[in-house]
Each structure stands twice: as structure tokens, then as C-alpha cells.
Amino acid sequence: MTDNTNPMTTEARRRKRLWWQVPFLVFLILGTIYIVRQQQSMPYQKNQGFVFGTTYSVTYQGETDLQTEIEAALKQVDDEFSMFNEQSTVSRINRGEKPVLSQMFLEVYRLAKSVNEDTEGAFDITVAPLVNAWGFGFKHEQMPSAAQVDSLRSIIGMKDLSLDEQAHVLAKKDLRMMLDFSAIAKGYGSDCVAKVMKKHGIKNFMVEIGGEIVARGISPSRLPWRIGVTKPVDDSLQTQQELQTVLNVTDRAMATSGNYRNFYYKGGRKYAHTIDPHTGYPVQHSILSATVLADDCATADAYATSFMVMGIDKAKAVLERHRDMMAYFIYSDEKGDFAVWYSPSLKDKIEK
């Protein structure tokens, strides 16, 4: 009979097990090194084009060119939310039709509704009639009178929209109401392209649509993605590219809203495209640019617009409730000079 309690016998068995484990561990280590090197040597590709009246750019590490799939995803968003596409869902609703809403439309509408309530109406997808009246929408009308502004305010407000959750149909209290998703659709489009990347197992990529960005993993330089925040100098021709700062961003979405590119002067006064749904007039806050970082770009896009409407103090109060978001504000101080405020958690992402 073998004595299993013999210390020498037990030690021999342990060494024998370790001996057989060594080749497996070596194979595992070498395999991991091979996979990492393969990933590092995989090329980055770049696709560019036009969508939503602006440009898009997607940089990603992968062997397969995904531009066809990227543009198919963007077309889906355009077919739902473009006010320039007469057959889009939003255009049909604006004409008084009641189409059955897709899951995509419902997802964005519910997010818009949530942000509307969270910001006490600062974000409102029904503001289109006022945007048009001030000359910043898809219809360019004359500057409105005070009486016209008051009249239009009566058809502004998401509270006057009702969603039939079972039939998936949206009803307007007043048929003159118009929906405009432009302050959230570009961000959502970036999220949709990010989903294409994830579907193909791509870990390193950056999606940008008109300045609304989703960044994951690392850039071709093997570092976090470097994203510039433009200095808010009046630049209606978009030729000014001077940067206020550069943020090192990864695994986050980022959106910027500002009044320094879409504006005009009349009677010596500046009128910017951000309209306050409450007053019916272009905002006159000191805040010039709002950059928001969030988990998804649609959320970042919506809150960036909201903060431009709310002003810096009310925006800070919202950020206190949403610790998962970060913001970088550029505003005009009492002397008229540029000043900056940013979330404390953003400090380590600002390039020195």
C-alpha cells in the first residue's frame, strides 16, 4: 500500500503538476504577446463625408473599410430626424401626420423629454418656430416683433406633446407646433456610428459629426484622443481654428455648443442662434461656449445646448446632480475678457 501521507511523495506530485503547467503558461504568455502585437500593427482607417448639413469623420483601427455601413447608419438617423428631408419622420409630424414611430425615434424623443424636464424646459425640441422667426432655422424669416414672439411662445413647449405608448404615435396639442431635433440628432448619430464600431469588435476609434464626438480606446499615436476646444471668437465663416484648450479624452462622448459661429448683427446688436424657449429671444448670458462630456453623445449634445440657454450658474446646479457628466465653460467676465470654468473631475484631462 502506498503511503499518501509521505511528504516526499506529496512534494513529487506537486512538482510534477507544476512541470506540466509551465508549457501552458509559456504558450499563454506568448499568445498574449502575439495578439497585442497584432493589434498594435493593425492599421487605422479614416472615413469622411457629409451628413446632417455638416461633415463627419471616423478614425478607427481595423482591417475592414466600414464606410458603407457607417453611412447606412447615418441615413437611418437622417430618415428619422432631418427637417430637410421631406419624407423623414419629423417632417411628417410637422406636416400634421401621425406616423407610427420607430424605436430609434422613441429612444431620442424620450431622452429629449428627460432632458427637457431636468433642465426645466431649457432644452425643448418644439422651439423651431422661434428659431425660424429669428432667422436661424431651415426657414429664414424676418426678425420678429414682440407681438410675434409672444404669439409663437404659445406653441412652444414639450408639455403640449403627448406620446401614445401603445400605438407609438405622437400628438401635438396645436397643429402649428414643429419639432426640431438638431440639438440632439448629431450627437445621436455619433452614438449610432460608435455602435457600428462595437459591432465589429473595434476598440480604438473616434467618431466626429459636426463637432459631436465619441472616443474609445487609443489614437494612432497610442495615447488618448486629443480633442481641441475652439476659442469662441466670432467666426460665422468658420475659418477661425484657434484653440482654447486641448482635452485628452477616451471612453467618453463630447459635444460643444456656442454662439460664436451662427449669429448676425442688426442695429449694432448681436443676435445668436441659441433661443431661450421661456422668453422667445436669443440668449444674452455671459457664457460663450459649453462643452459637455458624458457617457453618450446624444446626452452630451442635449445638455451642451441646455447650458447655453441656462447660463453658467444654473448649469453648475445641473452638473451637481449629474456627477457622471463633466463640463468646460468659456464665458465673458466683467471686463469682457475670456474666462474659463470646468468641472473639477475634468482637471486631469486638460492638456498642460
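Heavy-atom basis, side chains included; hydrogens, waters and symmetry copies ignored.
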(message) Under the salt bridge (charged side-chain N to carboxylate O under 4.0 Å, His left out) definition, can you give me all pairs with a residue in residues 287-315, not counting sequence neighbours?
(response) Arg252-Asp295
(request) Sequence neighbours left out, what passes ring pair (Phe, Tyr, Trp, His ring centres under 6.0 Å) with Phe338? Give chain and number order. (result) none
(message) Test of understanding: with side chain to side chain contact (heavy atoms under 4.5 Å, CB included), list the residues that count as partners of Asp65, not counting sequence neighbours.
(response) Gln45, Asn47, Tyr60, Gln67
(message) Using 30° and 60° as the class boundaries, would you call the ring planes of Trp341 and Phe329 parallel, tilted or perpendicular?
(response) parallel
(message) For residues 151-187, which residue pairs pass the ring pair (Phe, Tyr, Trp, His ring centres under 6.0 Å) check, not counting sequence neighbours?
(response) Phe81-Phe181, Phe105-Phe181
(request) Search all heavy atoms of Val292 against all heavy atoms of Ala300 and return the closest pair with its distance. (result) O-CB, 3.6 Å
(message) Going by ring pair (Phe, Tyr, Trp, His ring centres under 6.0 Å), name the residues that satisfy it together with Tyr188, two or more places apart in sequence or in a different chain.
(response) none
(request) Sequence neighbours left out, what passes side chain to side chain contact (heavy atoms under 4.5 Å, CB included) with Ser145? Give chain and number order. (result) Ala147, Gln148
(message) Looking at every non-hydrogen atom in both residues, tell me the closest pair between Lys172 and Asn94 and how far apart they are.
(response) NZ-O, 3.6 Å
(message) I'd like to check the salt bridge (Lys or Arg N to Asp or Glu O under 4.0 Å) partners of Asp251; sequence neighbours left out, ordered by chain and number.
(response) none
(request) With sequence neighbours left out, write down each residue that passes side chain to side chain contact (heavy atoms under 4.5 Å, CB included) with Lys46, or none if nothing qualifies. (result) Gln48, Ser57, Thr59
(request) For His322, check ring pair (Phe, Tyr, Trp, His ring centres under 6.0 Å) against everything at least two apart and list the hits. (result) Tyr303
(message) Among residues at least two apart in sequence or on other chains, which ones pass side-chain hydrogen bond (donor to acceptor under 3.5 Å, both in side chains) with Ser306?
(response) none
(request) Answer yes or no: is there a side-chain heavy-atom contact under 4.5 Å between Lys231 and Ile330? (result) no
(message) Please determine whether side-chain contact (heavy atoms from CB on, under 4.5 Å) holds for the pair Arg323 and Glu320, giving the CA-CA distance in whole Å, both sets of side-chain angles, and the decisive distance to 0.1 Å.
(response) CA-CA 6 Å; Arg323 297 304 180 92; Glu320 282 293 320; 2.7 Å; yes
(request) Just jot down the side chain to side chain contact (heavy atoms under 4.5 Å, CB included) partners of Leu163, sequence neighbours excluded, or say none. (result) Leu101, Leu106, Tyr109, Arg110, Glu165, Leu170
(message) According to salt bridge (Lys or Arg N to Asp or Glu O under 4.0 Å), who are the partners of Lys159, at least two apart in sequence or on a separate chain?
(response) none
